[in-house]
Amino acid sequence: MLYIKDFLLQLLFALTPFVLYTIYYRDKAENYSRQFITITCMICLFMSMSFPFTVEDGIIFDIRYVIMFFGMVYGGMTTGVFLLVEFLTYRLLIGGQGLFSAIIILSITFSLSALLSNVYRRRSEYRKLITFVAGFSFSVIPIATMFVTEYQYSIQHLKFNILVMPVLNFLGIWILISLFNKAVSDKELYLRYLQSEKSETIAHVAASLAHEVRNPLTAVMGFLKLLKDDSITREKSQKYIAICLEEIKRTEVILSEYLSIAKPNHAVVEKIELVQQINSIVEIMTPYAIMNNVSLEMQHLEDKLYISANPTEIKQLFINFIKNAIEACAVLATGNVNIRIERQSEYAKITIIDDGVGMSNEQMERLGIIYFSTKSKGTGLGLTLSYQFIRSMNGDVTVRSKSGEGTEFILTLPLTN
Ligand code: ADP
Ligand code: MG
């Protein structure tokens with residue numbers, strides 16, 4: 001009965017590294033370090049040597065070989081040396097009859113642990129075999145040595161030596177290594193998932209960057225085409241050049257904003273006059289509409305409507321909706337895009353209507369989902385970003401559409417004083 005209690009206690013000690021690992025690394029985005037292995041193994045060795053099996057005064061048994069092997073597998077030689085020093089110091093302090101045998105056994109098992117742990121780390125296909133060999137040797141070597149050095153004792157406690165020690169060593173090694181391995185590989189999987197999530201986000205950002213730069217480029221290209229016309233008045237050409245410059249400047253702002261996306265977002269929220277803002281975007285998008293044989297018009301019932309928003313986001317938002325509306329008409333030979341701005345109690349209501357291809361119910365349900373696009377050169381990022389912007393402004397967006405008839409996007413954005 002006494003053996004069972006000691007036996008279970010030693011098994012419990014053998015689990016220390018695993019238990020501490022699960023507690024300490026639970027919420028950490030990193031895996032175990034060598035220092036961690038060294039420290040937990042040293043605690044474990046200390047505990048198991050402090051409360052060992054004693055079948056005869058001066059002769060003690062514990063799971064030291066298990067810890068030594070485990071420490072060397074996960075912490076390497078340095079951990080092994082730390083444990084060796086700890087063991088020798090503590091064993092000398094304890095003293096007693098078995099000291100001499102203990103040192104002989106340890107010198108053999110230490111070298112064997114170094115060898116086995118080395119193979120264990122390098123050849124994953126032999127791991128099960130090595131765990132078995134370790135458990136076996138750590139049981140046979142002490143028994144054989146004791147047979148030579150402490151013959152009397154060995155014969156007296158033959159049953160204990162042959163039954164209890166091997167079971168303890170095998171169980172200890174097997175439980176500790178398999179549980180720890182499982183915890184470590186689960187963590188690795190989690191870390192890899194985190195990493196791929198991160199790189200995926202970066203990929204999304206890079207893709208949307210290309211998308212957002214393409215919009216102003218399209219506008220600049222349209223104006224340059226208009227400028228090529230010799231009959232254009234000087235006043236008009238000056239205006240077009242000014243718009244081109246403004247667009248290029250905006251592209252630069254967008255680029256630097258996206259480059260800073262990895263850092264915390266210090267979005268500047270400004271008071272923006274919406275009517276004038278949308279008017280300038282309509283102007284920017286006009287060349288694109290003309291190129292696609294689409295008429296683009298805007299009506300407003302109010303002269304001034306103020307909202308709080310990030311100016312770059314607001315521009316991108318309306319460019320995305322207007323561009324989509326133009327593209328929906330472009331598929332047909334001709335079309336109309338209409339933008340209406342009005343006030344609705346505390347909100348600005350902006351309606352973007354087109355008589356383009358429209359959408360089916362299935363398509364409407366997928367709106368705003370990243371990469372959803374029905375265009376051959378579409379990115380499916382425009383609406384994803386726009387929906388995000390609207391949400392961040394506490395606004396709302398609804399859509400009504402009929403396949404073959406056209407689409408109506410209604411945006412409501414909270415007004416500010
Ligand atoms: P992209 O324009 O690159 O395809 P968006 O996110 O801007 O990506 O739009 C996603 C999809 O939503 C489009 O491919 C299109 O199928 C649909 N869509 C958006 N606006 C309209 C519209 N006004 N009329 C018809 N379909 C639209
Ligand atoms: Mg789009």
Side-chain angles (χ1 to χ4, degrees), residues 200-201 203-222 247 250-251 254 258 278 281-282 284-299 312-341 349-393 395-413:
E200 225 161 86
T201 314
H204 288 176
V205 169
S208 61
L209 177 72
H211 179 76
E212 294 311 324
V213 168
R214 208 173 59 177
N215 286 341
L217 277 185
T218 317
V220 169
M221 197 166 75
E247 275 305 280
R250 200 175 70 82
T251 312
I254 294 173
Y258 272 102
I278 296 179
I281 292 163
V282 168
I284 287 167
M285 293 310 287
T286 301
Y288 190 60
I290 294 171
M291 254 165 53
N292 286 291
N293 235 350
V294 175
S295 97
L296 176 62
E297 272 169 36
M298 169 182 152
Q299 293 124 37
T312 313
E313 283 182 8
I314 275 289
K315 280 188 181 185
Q316 283 178 23
L317 177 76
F318 286 107
I319 287 179
N320 285 340
F321 279 108
I322 296 171
K323 190 165 176 281
N324 278 346
I326 295 172
E327 281 162 359
C329 299
V331 183
L332 314 169
T334 167
N336 297 288
V337 175
N338 231 298
I339 298 146
R340 235 182 19 231
I341 312 168
K349 179 180 170 192
I350 306 105
T351 318
I352 301 140
I353 312 164
D354 67 71
D355 53 7
V357 284
M359 282 177 272
S360 64
N361 284 342
E362 291 79 34
Q363 279 175 328
M364 271 198 286
E365 274 167 26
R366 297 181 66 189
L367 283 182
I369 295 175
I370 197 149
Y371 296 139
F372 165 65
S373 175
T374 51
K375 300 166 194 168
S376 60
K377 283 185 181 155
T379 60
L381 285 163
L383 284 187
T384 311
L385 277 175
S386 303
Y387 279 26
Q388 272 173 19
F389 294 155
I390 295 168
R391 265 198 300 274
S392 74
M393 284 179 233
D396 195 23
V397 54
T398 51
V399 57
R400 261 184 282 177
S401 186
K402 217 167 184 181
S403 207
E405 286 184 19
T407 305
E408 183 177 303
F409 276 100
I410 302 165
L411 277 64
T412 44
L413 302 173

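Order of listing sets the numbers, starting from 1, for every ligand and every atom in it.
The contact set between ligand 1 and Leu367, taken as ligand atoms under 4.0 Å from a residue heavy atom, comprises 12 (O), 17 (C). Less than 4.0 angstrom separates some heavy atom of Ala328 from each of these atoms of ligand 1: 22 (C), 24 (N), 25 (C).
Distance alone, capped at 3.5 Å, places no donor-acceptor pair between the Glu365 side chain and the Glu362 backbone.
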- side-chain contact (heavy atoms from CB on, under 4.5 Å) evaluation trace for Leu296 with Ile339: CA-CA 8 Å; Leu296 176 62; Ile339 298 146; 3.8 Å; yes
- Take Asn292 and Glu327 through the side-chain contact (heavy atoms from CB on, under 4.5 Å) test and state the conclusion after the steps. CA-CA 8 Å; Asn292 286 291; Glu327 281 162 359; 5.9 Å; no
- Query: Yes or no on side-chain contact (heavy atoms from CB on, under 4.5 Å) for Phe409 and Ile350, after CA distance, side-chain angles and deciding distance?
  - Reply: CA-CA 8 Å; Phe409 276 100; Ile350 306 105; over 6 Å; no
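For Phe321, the closest heavy-atom approach to ligand 1 does not fall below 4.0 Å. The shell of residues lying under 4.0 angstrom from ligand 1, judged by heavy atoms, includes Met359.
A pairwise comparison of heavy atoms in Ser401 and Thr407 identifies OG-OG1, 3.0 Å as the closest pair.
The closest heavy-atom contact to atom 19 (C) of ligand 1, among the options Asn324, Val331, Ile322, comes from Asn324.
Of the polar atoms of Ser373, at least one N or O is found under 3.5 Å from an N or O of ligand 1, judged by distance alone.
Contacts with ligand 1 closer than 4.0 Å are made by heavy atoms of both the backbone and the side chain of Leu383. Proximity of Asp354 to ligand 1, defined as any heavy-atom pair under 4.0 Å, is confined to the side chain (atoms from C-beta onward).
Under the rule for a ring pair (Phe, Tyr, Trp, His ring centres under 6.0 Å), Phe318 has no partner lying at least two apart in sequence or in another chain. Applying the ring pair (Phe, Tyr, Trp, His ring centres under 6.0 Å) test to Tyr387 and every residue at least two apart in sequence or in another chain returns nothing.
The distance from the Mg ion (ligand 2) to the nearest N/O/S atom of Asn320 is not under 2.8 Å.
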